[in-house]
Amino acid sequence: QHDALRRGQVERPGILTKGQVLALEPALKTGKSAELSINLVGRHKLQQAAAFEHAGFELHETGEVFWGVEWGNFTDNGRGYVMAMDAATGNRRIVSGTYLDPQTGPKTVGTGPEFDKILDIELGTDGFLYVEEQSTPFNGSITEDPPLQGITVFKVDLTNGNRTLVWNEREDMTQFGHCLNGDPDGIPPTHIQVDIHKFALDPQNNFYFTILQNQNPVPGNGVIKVTNDGQTCTWITRGGAKPGNTFYQQDIGTGPEIGAAKFTAIAYRNGQIYLLDWLVNRFIRVDIATGNRTVISNVGTPQVGEGGAMG
């Protein structure tokens, strides 16, 4: 991204295709909440500043559409904000975060820590907007002490844009709950690292994340849950730990092997977590109560369902 900025080639908001508009139309007509995954990315040249990445796309029951934006220029490594659009009128507003005013420069809506690289947003049942970001200490999160690092979750008050820190995966931020990674030596890092993809939210506004298998011995793969207050982290399902890790032969839940999986999308519905395994070309459903896993669609062997590859 920084190389692209130096070349003067950075990403900008794209235009919804006819197919994307048609996908939106039923939800817009009913006014019901819906979650959409649309990549609004294009290429553009700008001299000083640009919004170069979008993440998350939520349709509120009021008819407003919310999404996250990251922008940067030659003096800012990257900042983020949440934007909303009235689906009936097309009018747009900045909900929370720091944006670039063409006349006066950077302006901030709401109080609280600055956004960095926004990855996903979810509307909570409590009326707050939950924002997942990838925090980098040299960007906006430097305002925290210690600086936020890795995956962070904020909740945003939609009435005033105020941001509240809910959870950060940085291990030395002991006020938050972290899931162990099964390291046998107990030498940091001893917590599992969250992958930089979407997260899921249940009706109690607890968070669900997929994880990275970047420790050695390998801790296995799976899904973790962080409670809404950020205090408690729990493995929901896990499998594939290697010998030497304390999780070896200590799987959580039954079902297909997931040690080699690469989960790039996650969603919650009715007590179940749905995962897209991009690497193996399959969808997996996880029962939150038991951790049991079921393949509900699979391009490979054994084939489940019909149709083309998943990406």
Among all residues two or more places apart in sequence or in another chain, which pass the salt bridge (charged side-chain N to carboxylate O under 4.0 Å, His left out) test with R285?
-> none
Check the hydrophobic clustering (I, L, V, M, F, W, Y; side-chain heavy atoms under 4.5 Å; chains of links allowed) and say if L180 and Y248 are grouped together.
-> no
Looking at E70 and K117, does any basic side-chain N land under 4.0 Å from a carboxylate oxygen?
-> yes
Should the pair R238-D251 be classified as a salt bridge under the 4.0 Å nitrogen-to-oxygen rule?
-> no
Is R93 paired with E64 through a side-chain N to carboxylate O contact shorter than 4.0 Å?
-> yes
Taking atom CD of Q175 as the centre, does the number of heavy atoms from other residues, nucleotides or ligands within less than 6.0 Å exceed 12?
-> yes
Donor on one side chain, acceptor on other, T125 and N205, under 3.5 Å = yes
Applying ring-ring contact (aromatic ring centres under 6.0 Å, His included), name anything that partners H197, two or more places apart in sequence or on another chain.
-> none
Strictly by modelled atom types, are D202 and Y208 linked by a side-chain donor-acceptor pair under 3.5 Å?
-> yes
Scan residues 214-254 for pairs that pass disulfide bond (SG atoms under 2.5 Å apart), counting only residues two or more places apart or in two chains.
-> C179-C233
Take Y81 and W67 through the test ring pair (Phe, Tyr, Trp, His ring centres under 6.0 Å) and record every step on the way to the result.
-> CA-CA 9 Å; Y81 59 88; W67 67 95; 8.9 Å; no
Within the distance-only criterion (no hydrogens, no angle test), does the side chain of T227 pair as donor or acceptor with the backbone N or O of T232 below 3.5 angstrom?
-> yes
Counting only heavy atoms not in L212, do more than 12 fall under 6.0 Å of its CG?
-> yes
Would you list the atom pairs, donor with acceptor, under 3.5 Å between side chains in residues 262-273 and any protein atom, with sequence neighbours excluded?
| residue | atom | partner | partner atom | Å |
| --- | --- | --- | --- | --- |
| K262 | NZ | D195 | OD2 | 2.9 |
| Y268 | OH | G271 | N | 2.9 |
| Q272 | NE2 | D287 | OD2 | 3.2 |

Report yes or no: do E114 and T98 form a side-chain donor-acceptor pair below 3.5 Å?
-> yes
Which residue, N228, T164, D157, forms the side-chain contact (heavy atoms from CB on, under 4.5 Å) with F128?
-> D157
Spell out, as yes or no, whether a donor-acceptor pair under 3.5 Å connects the side chain of Q193 to the backbone of I211.
-> no
Among residues two or more places apart or on two chains, list those pairs meeting disulfide bond (SG atoms under 2.5 Å apart) that have a residue in residues 185-222.
-> none
Using side-chain contact (heavy atoms from CB on, under 4.5 Å) as the criterion, point out the one residue from I296, I284, V286 that pairs with Y274.
-> I296
side-chain contact (heavy atoms from CB on, under 4.5 Å) filter on T89, not counting sequence neighbours, yields D86, N91
Just checking, is any N or O donor in the side chain of T152 or E132 under 3.5 Å from an acceptor N or O on the other one?
-> no
With side chain to side chain contact (heavy atoms under 4.5 Å, CB included) as the test, would you mind laying out the steps for I151 and F209 before giving the verdict?
-> CA-CA 10 Å; I151 300 300; F209 302 98; 4.0 Å; yes
